[in-house]
Protein chains: 2
Amino acid sequence: MAETARHHEPRYGIRPTMKDVAARAGVGLKTVSRVVNGEAGVTPDTERRVTEAIDALGFRRNDSARVLRKGRTASIGLVLEDLADPFYGPLSRAIEEVARAHGALLINGSSAEDADREQELVLAFCARRVDGLIVIPAGGDHRYLEPEIKAGVATVFVDRPAGRIDADAVLSDSFGGAREGVAHLVAHGHRRIGFIGDQPRIHTATERLRGYRAAMEEAGLEVADAWVALGSTEPERVRAAAEAMLSGPEPVTAIFAGNNRVTVTAVRVLAGREHPVALVGFDDIELADLLGITVISQDSATLGRTAAERLFRRLDGVDEAPARVVLPTTLIARGSGEIPPPPGA
Amino acid sequence: MAETARHHEPRYGIRPTMKDVAARAGVGLKTVSRVVNGEAGVTPDTERRVTEAIDALGFRRNDSARVLRKGRTASIGLVLEDLADPFYGPLSRAIEEVARAHGALLINGSSAEDADREQELVLAFCARRVDGLIVIPAGGDHRYLEPEIKAGVATVFVDRPAGRIDADAVLSDSFGGAREGVAHLVAHGHRRIGFIGDQPRIHTATERLRGYRAAMEEAGLEVADAWVALGSTEPERVRAAAEAMLSGPEPVTAIFAGNNRVTVTAVRVLAGREHPVALVGFDDIELADLLGITVISQDSATLGRTAAERLFRRLDGVDEAPARVVLPTTLIARGSGEIPPPPGA
DNA sequence: CATTCACCTGACAACGTTGTCCAGGGCCTA
DNA sequence: TAGGCCCTGGACAACGTTGTCAGGTGAATG
């Protein structure tokens with residue numbers, strides 16, 4: 001924030017305060033407060049005078065001061081990975097709706113999958129004294145949150161569990177979903193199936209890999225090292241990983257994509273292939289139906305809503321042990337599973 | 001917000017204040033403030049004592065109090081239509097990045113295209129004394145914002161201009177983009193082209209329709225009434241509109257879709273057709289390349305960034321007349337323009 | 001007519017922080 | 001050694017609101 005050197009800032013537009021309203025209406029400060037808050041015990045006549053003064057001056061209550069006095073901010077903080085990711089938009093929106101129903105506002109921040117930035121955001125929110133926090137963790141150690149939670153900041157983790165502390169978490173069934181998706185490929189006759197997932201430090205990535213391995217094992221299939229690739233979801237890396245497992249000595253005939261970003265790039269890679277390769281992806285993506293992509297769908301809005309409801313239950317005083325809620329995923333089978341070449345190509 | 005009846009709240013976890021830190025460190029209140037804010041004029045030894053006390057107590061500065069004292073909140077409010085829409089995610093994210101660079105946090109709210117809700121959100125943000133506002137307007141009358149702007153709340157409108165007040169606006173070239181898109185269809189030999197857009201009270205919708213009409217006129221083509229449909233972007237309505245213009249006495253051979261939601265539904269409708277129908281859509285959508293959909297792309301991130309930069313320039317004291325910035329759109333031609341049938345169908 | 005009571009109203013303190021201003025101590029210089 | 005200056009530290013008020021409490025008025029009751 002640019003720091004101006006001036007000390008007495010010229011106060012751009014001075015805002016009227018309750019004091020100003022009181023003076024103009026010829027009443028006491030507290031009476032204005034009562035009118036503004038709709039408290040009982042004000043004569044209609046007095047109320048009218050105050051209301052007129054408010055309108056005349058364009059007064060609007062300063063919630064900063066109110067917050068300071070009352071201790072509650074009626075706001076919650078949401079830290080997620082990247083608001084631009086289509087998975088997080090609906091999640092954020094769902095949380096906002098629940099917050100709105102509880103009269104709270106939502107502050108959100110993107111961690112960009114960086115643990116330091118996550119912590120920075122979380123602590124900034126705490127400094128603002130948000131009533132509660134919903135966190136999609138980037139880091140693996142949340143002990144830094146312990147004093148805040150002890151101080152009364154309700155906290156719920158979403159999509160991935162907290163690290164090193166005991167806290168509420170609302171998750172999707174990554175293991176089960178991946179297992180089901182891979183089993184689907186097996187059922188369609190595939191024997192050599194590749195797995196491309198996110199970075200191994202991310203809980204969902206390893207869980208989905210676990211699901212993949214479980215499904216393969218259950219089918220009595222060996223997994224070659226070359227078939228598994230965990231790492232960044234940058235398009236170049238995904239492309240390289242996919243091409244590697246498609247061209248090795250034991251080329252895969254199907255790929256399981258660990259999340260929506262991987263799926264998108266994988267679709268592009270596979271669309272250019274001569275021999276069709278099947279694809280199943282974790283997370284539904286727009287227009288996947290038209291491309292015939294089978295997916296393991298997790299409803300990010302439900303994830304968000306569930307977490308937010310849990311948060312507000314805590315804020316309403318419900319005091320139970322932290323729990324882990326796991327929401328089921330849905331396999332949506334579409335088309336043959338092979339990606340057609342792009343039209344006009 | 002659930003109101004607890006208790007008056008003296010038991011103060012869940014009592015948070016230590018600077019006073020507590022001062023007492024523990026055996027220094028004055030202001031000295032703690034100095035250390036916390038990294039101000040000069042504190043002996044290393046004193047600073048160490050204070051820092052130790054801070055760590056021991058788990059103190060974190062209460063920014064609510066700070067805000068009250070300083071007058072600036074280092075936060076900005078963003079009101080958009082729906083965070084779950086893939087167009088707004090990147091826009092919000094871009095604004096967040098700019099805000100972050102300026103040390104500010106972002107509060108956002110979705111108006112759900114409802115003018116009352118927009119106003120409610122905006123005024124709630126003002127009550128929190130956000131330093132600035134970025135608004136994607138739902139309503140058509142923003143005179144209610146005048147006192148706030150006069151009181152110093154910097155305001156920038158995005159995607160659509162403000163109604164009835166003079167304020168900064170950052171827009172995409174809806175007219176030019178639509179004209180170019182329709183001209184593209186004309187160039188490919190289409191003569192009967194339909195237009196499906198959003199509700200007529202939305203500025204971008206009417207601008208795009210204007211662009212469509214301009215392109216048709218420039219090509220010397222008449223526009224039949226049945227070829228134009230403005231209204232809600234609900235899938236059912238778009239589907240009905242598309243089917244109507246495809247089956248009338250003068251069926252269209254191409255459709256221009258007014259925004260991303262229309263495009264998505266239109267793609268689905270057209271994918272099921274026997275005779276291929278061309279489609280050009282406003283807004284790029286994920287995987288449009290694989291489906292060969294030509295689009296008029298507007299970069300929502302740039303839109304957001306431009307607006308945020310303008311906002312912070314104002315907050316830094318730059319005082320110029322409100323202006324309207326129009327960003328160009330890009331036509332991305334893909335494939336033949338015809339939608340292929342879904343695979344496996 | 002005195003007393004009680006309900007109801008309205010306002011003075012005051014407090015929330016936790018920061019800006020202002022002054023006091024005291026150490027050090028340098030004349 | 002005295003004077004002055006700089007540097008550090010702290011007392012105090014103020015930001016705008018709300019909770020507490022007491023005063024004051026008028027009506028109802030004995």
Side-chain angles (χ1 to χ4, degrees), chain A residues 1 3-9 11 14-23 25-50 54 57 59-74 126-129 151-152, chain B residues 1 3-9 11-12 14-23 25-50 53-54 57 59-74 126-129 151-152:
Chain A
M1 194 99 285
E3 204 60 53
T4 48
R6 310 164 282 187
H7 284 243
H8 281 291
E9 284 211 18
R11 278 323 200 66
I14 306 165
R15 279 184 169 275
T17 71
M18 284 193 179
K19 212 158 139 189
D20 302 322
V21 175
V27 301
L29 185 55
K30 183 62 215 229
T31 301
V32 176
S33 171
R34 270 191 274 261
V35 172
V36 169
N37 293 296
E39 286 173 33
V42 180
T43 330
D45 180 59
T46 311
E47 179 172 349
R48 191 185 43 73
R49 289 217 314 284
V50 172
I54 287 176
L57 296 174
F59 167 79
R60 188 170 317 285
R61 180 178 64 196
N62 184 334
D63 275 357
S64 297
R66 172 170 226 254
V67 156
L68 176 59
R69 184 62 233 247
K70 304 206 73 147
R72 296 243 133 173
T73 56
C126 288
R128 304 255 165 160
R129 297 292 187 267
Chain B
M1 193 97 291
E3 204 61 52
T4 49
R6 309 164 283 187
H7 283 243
H8 281 292
E9 281 211 20
R11 278 326 199 67
Y12 212 79
I14 307 164
R15 280 184 170 275
T17 71
M18 284 195 179
K19 211 159 140 188
D20 302 322
V21 175
V27 302
L29 185 54
K30 182 65 214 233
T31 301
V32 177
S33 171
R34 270 192 274 261
V35 172
V36 169
N37 293 296
E39 287 173 30
V42 180
T43 333
D45 181 58
T46 310
E47 177 171 350
R48 193 185 42 73
R49 290 217 315 283
V50 172
I54 288 176
L57 296 174
F59 167 80
R60 188 170 319 285
R61 180 178 63 195
N62 184 333
D63 275 356
S64 297
R66 173 170 225 253
V67 156
L68 176 59
R69 184 62 232 245
K70 303 204 74 144
R72 296 242 132 173
T73 56
C126 289
R128 304 255 165 160
R129 296 294 187 270

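Per chain, numbering begins at 1; letters A, B, ... match sequence-line order. These numbers were taken from a predicted model, which means no experiment stands behind them.
- The phosphate of dT17(D) (OP1 or OP2) has no side-chain N or O of S33(A) nearer than 4.0 angstrom.
- Atoms CZ (R15(A)) and C1' (dA14(D)) sit 19 Å apart, rounded to a whole Å.
- With hydrogens and angles ignored, a donor-acceptor pair closer than 3.5 Å exists between the side chain of K30(A) and the base of dG19(D).
- Distance E39(B) CD to dT17(C) C1': 12 Å, rounded to the nearest Å.
- Close to dA13(D), at under 4.0 Å from its OP1 or OP2, lies no side-chain N or O of R69(B).
- Within the 4.5 Å cutoff, no side-chain heavy atoms of V67(B) are placed close to those of R128(B).
- If F59(B) and R34(B) are placed on DNA chain C by their nearest nucleotide, the residue sitting closer to the 5' end is F59(B).
- Phosphate contact (OP1/OP2 of dG19(D), side-chain N/O of K70(A), threshold under 4.0 Å): present.
- A close approach under 4.0 Å does not occur between any side-chain nitrogen or oxygen of T31(A) and OP1 or OP2 of dT9(C).
- Set against dT8(D), dG10(C), dT18(C), the side chain of T43(B) has dT8(D) as its closest nucleotide.
- Atom-to-atom, CD1 of I54(A) to C1' of dT17(D) comes out at 13 Å; the value is rounded to the nearest Å.
- Not a single donor-acceptor pair under 3.5 Å links the side chain of N37(B) to the backbone N or O of E39(B).
- One finds a side-chain N or O of N37(A) lying less than 4.0 angstrom from the OP1 or OP2 phosphate oxygen of dT18(D).
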